[in-house]
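Taking it in order: structure first as structure tokens, then the write-up.
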Amino acid sequence: MVFGATGNTGRRVLAQGVNRGHEMTAFVRNPEKLYEQQGERIAGQVRVIAKDIMDPESVYEALSQQDAAILAAGYASQGEEFVRIVDNIVSQCENNTRFSGRVWVMGGAGLLDIPYTGLIGNRLPGFPPMYQTHDRNLERLRQTKLDWSVMCPGTMVESADVPSSVRLHVSTDILPVPVPETIKDFSEAEVAGHLFSRLKELDVAYEDVANCMLDHLELAGPFKGKRVGLAYRSELPVS
């Protein structure tokens with residue numbers, strides 16, 4: 001099941017899931033928008049639930065007989081509303097004994113550990129405070145016994161903007177780009193400046209984010225209870 005299935009990430013998850021042969025369910029506010037985005041070939045193979053994502057009963061019923069929930073609804077700038085959306089869905093996953101599967105929640109690269117520092121980006125000087133809603137969602141997940149993961153991409157871009165000479169690198173809990181050990185001697189402001197100068201390295205295609213989550217829907221997989229980072233690394237030969 002995809003919550004927020006007409007958003008930039010959710011619609012990619014939905015389409016890729018159908019193309020892989022999964023039985024997909026879309027929880028949306030506007031089913032007409034889904035049909036406009038996906039066309040009949042994809043939308044015609046999807047079970048569509050058009051209800052209020054903040055209504056516990058509606059979310060509870062939608063989760064029945066589902067074996068995975070991908071939370072692509074909401075965004076950090078919604079503040080408290082975003083936190084309530086995630087809490088409601090996670091709570092109904094916990095409450096519904098007919099839901100037996102994985103939970104993926106969207107976060108951001110600022111949730112990942114910065115090697116050698118004991119810091120995460122969201123709590124550094126200059127990082128927008130709104131992204132701390134992701135921190136609160138992570139804390140909510142850490143209180144549950146569900147099999148969960150948090151996807152933590154940087155800026156998501158169109159796949160056409162990704163060079164063909166790179167491959168996807170996946171990390172767990174830490175930034176997916178190399179960081180010099182000398183960063184441990186930096187002030188927090190200097191750490192923030194270093195990360196800001198390298199944000200472009202964390203750009204990743206929506207489709208790669210979607211595919212990574214769909215690749216890991218099994219229970220007790222390698223990303224259980226983990227934050228997952230994505231970045232590209234060059235495959236060009238060294239001259």
Side-chain angles (χ1 to χ4, degrees), residues 1-18 20 22-31 34 46-76 78-108 111-112 131-153 172-173 209-229:
M1 163 166 285
V2 182
F3 291 91
T6 58
N8 283 328
T9 304
R11 63 187 175 92
R12 269 89 169 186
V13 174
L14 196 67
Q16 297 288 5
V18 169
R20 288 167 175 240
H22 293 302
E23 294 182 6
M24 302 297 291
T25 300
F27 196 108
V28 296
R29 286 181 299 178
N30 185 347
L34 185 148
V46 175
R47 179 189 175 205
V48 179
I49 298 174
K51 293 191 176 180
D52 181 3
I53 202 169
M54 295 304 298
D55 177 49
E57 184 176 346
S58 295
V59 173
Y60 179 97
E61 288 300 323
L63 286 163
S64 298
Q65 309 302 324
Q66 298 288 332
D67 56 14
I70 295 178
L71 281 63
Y75 39 89
Q78 288 177 288
E80 289 295 325
E81 183 178 359
F82 181 38
V83 173
R84 290 195 299 269
I85 288 171
V86 172
D87 178 63
N88 182 44
I89 298 172
V90 170
S91 294
Q92 302 320 310
C93 288
E94 293 171 324
N95 295 339
N96 193 329
T97 58
R98 292 179 292 168
F99 174 78
S100 59
R102 294 272 285 134
V103 177
W104 273 101
V105 176
M106 292 299 300
L111 274 179
L112 297 167
Y131 290 121
Q132 292 181 16
T133 55
H134 292 309
D135 301 33
R136 293 172 61 188
N137 291 338
L138 175 60
E139 289 307 311
R140 174 65 180 89
L141 289 167
R142 285 174 167 165
Q143 297 169 15
T144 185
K145 295 181 180 178
L146 294 169
D147 189 323
W148 59 267
S149 301
V150 181
M151 174 57 65
C152 299
T172 53
D173 293 332
V209 170
N211 281 321
C212 184
M213 291 190 286
L214 290 167
D215 284 342
H216 296 280
L217 297 178
E218 75 281 8
L219 290 169
F223 297 148
K224 180 181 179 180
K226 302 291 186 181
R227 294 157 286 156
V228 179

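Counting from 1, the numbers follow the sequence of the chain as shown.
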_Looking at every non-hydrogen atom in both residues, tell me the closest pair between Phe99 and Asp67 and how far apart they are._
CE1-C, 4.4 Å
*Mark yes when over 12 heavy atoms from residues, nucleotides or ligands other than Glu57 sit less than 6.0 Å from its CD; otherwise mark no.*
no
*Are Met213 and Met106 close enough that some pair of their side-chain heavy atoms sits under 4.5 Å apart?*
yes
*asked:* Quick one, Glu81 with Arg84, criterion salt bridge (Lys or Arg N to Asp or Glu O under 4.0 Å). Give me CA distance, side-chain angles, the key distance, then yes/no.
replied: CA-CA 5 Å; Glu81 183 178 359; Arg84 290 195 299 269; 5.3 Å; no
*Rounded to the nearest 0.5 Å, what's the gap from CG on Leu111 to CG on Asp173? Could you check?*
10.5 Å
*asked:* Within the structure provided, determine whether Gln78 and Ile85 are in side-chain contact (heavy-atom separation under 4.5 Å).
replied: yes
_Let's go through Val90 and Leu141 carefully: what are the C-alpha distance in whole Å and the side-chain angles of both, what is the deciding distance for side chain to side chain contact (heavy atoms under 4.5 Å, CB included) to 0.1 Å, and is it a yes or a no?_
CA-CA 8 Å; Val90 170; Leu141 289 167; 3.9 Å; yes
*Return yes if some donor-acceptor pair links the side-chain N/O of Asn88 with the main-chain N/O of Ile53 below 3.5 Å, else return no.*
yes
*Candidate pair Ile70 and Thr9, rule side chain to side chain contact (heavy atoms under 4.5 Å, CB included), full reasoning*: CA-CA 10 Å; Ile70 295 178; Thr9 304; over 6 Å; no
*asked:* Within the supplied structure, the quantity of interest is the number of heavy atoms (other residues, nucleotides, ligands) at a distance under 6.0 Å from Tyr75 OH; does it exceed 12?
replied: no
*Counting only N and O atoms by type, is there a donor-acceptor contact under 3.5 Å from the side chain of Asn95 to the main-chain atoms of Ser91?*
yes
*Mind checking whether Thr6 and Asn30 have side chains closer than 4.5 Å, heavy atoms only?*
no
*asked:* A side-chain contact here means heavy atoms from C-beta on lying under 4.5 Å apart; do Leu71 and Val103 qualify?
replied: yes
*Working to the nearest 0.5 Å, report the span between CG of Leu112 and CZ of Arg227.*
6.5 Å
*For atom CG of Asp55, is the number of surrounding heavy atoms from other residues, nucleotides or ligands below 6.0 Å larger than 12?*
yes
*Which pair of heavy atoms, one from Ala50 and one from Pro31, lies closest together, and at what distance?*
CB-CD, 3.8 Å
*asked:* Using 0.5 Å steps for rounding, measure from the CD atom of Gln143 to the CG atom of Leu138.
replied: 10.0 Å
*Report yes if the side chains of Asn96 and Gln66 come closer than 4.5 Å at any heavy-atom pair, otherwise no.*
no
*Could you check Val209 against Arg12 for side chain to side chain contact (heavy atoms under 4.5 Å, CB included), going step by step and ending with a plain yes or no?*
CA-CA 9 Å; Val209 170; Arg12 269 89 169 186; over 6 Å; no
_Minimum heavy-atom separation for Val228 and Cys212, please, with both atom names._
CG1-SG, 4.3 Å
*Could you tell me the separation between the NE2 atom of His22 and the CG atom of Leu214, rounded to the nearest 0.5 Å?*
5.5 Å
*At what distance, to the nearest 0.5 angstrom, does CG of Leu63 lie from CZ of Phe3?*
4.0 Å
*Just wondering, do Arg140 and Val105 contact through their side chains at under 4.5 Å, heavy atoms?*
no
*Do Asp147 side-chain atoms and Lys224 backbone N/O form a donor-acceptor pair below 3.5 Å?*
no
*Of all the heavy-atom pairs spanning Ala69 and Cys93, show the shortest one and how long it is.*
CB-SG, 4.3 Å
*Please report the shortest heavy-atom distance between Ala62 and Ile49, naming the atom on each side.*
CB-CD1, 3.6 Å
*CE/Met1 to CG/Leu14 distance, rounded to the nearest 0.5 angstrom?*
10.5 Å
*asked:* I'd like to know whether Arg20 forms a side chain to side chain contact (heavy atoms under 4.5 Å, CB included) with Asp215, so could you lay out the CA-CA distance, the side-chain angles of the two residues, the decisive distance to 0.1 Å, and finally the verdict.
replied: CA-CA 10 Å; Arg20 288 167 175 240; Asp215 284 342; 2.8 Å; yes
*Heavy-atom distance under 4.5 Å between the side chains of His216 and Glu218, does that happen here?*
yes
*Is it true that atom CZ of Arg29 has more than 12 heavy atoms of other residues, nucleotides or ligands lying nearer than 6.0 Å?*
no
*Is the Phe223 ring parallel, tilted or perpendicular to the Trp104 ring (thresholds 30°, 60°)?*
perpendicular
*Give the minimum heavy-atom separation between Ala26 and Leu34, together with the two atoms involved.*
CB-CD1, 3.5 Å
*asked:* Counting C-beta onward and ignoring hydrogens, is there a side-chain heavy-atom pair between Arg102 and Leu219 closer than 4.5 Å?
replied: yes
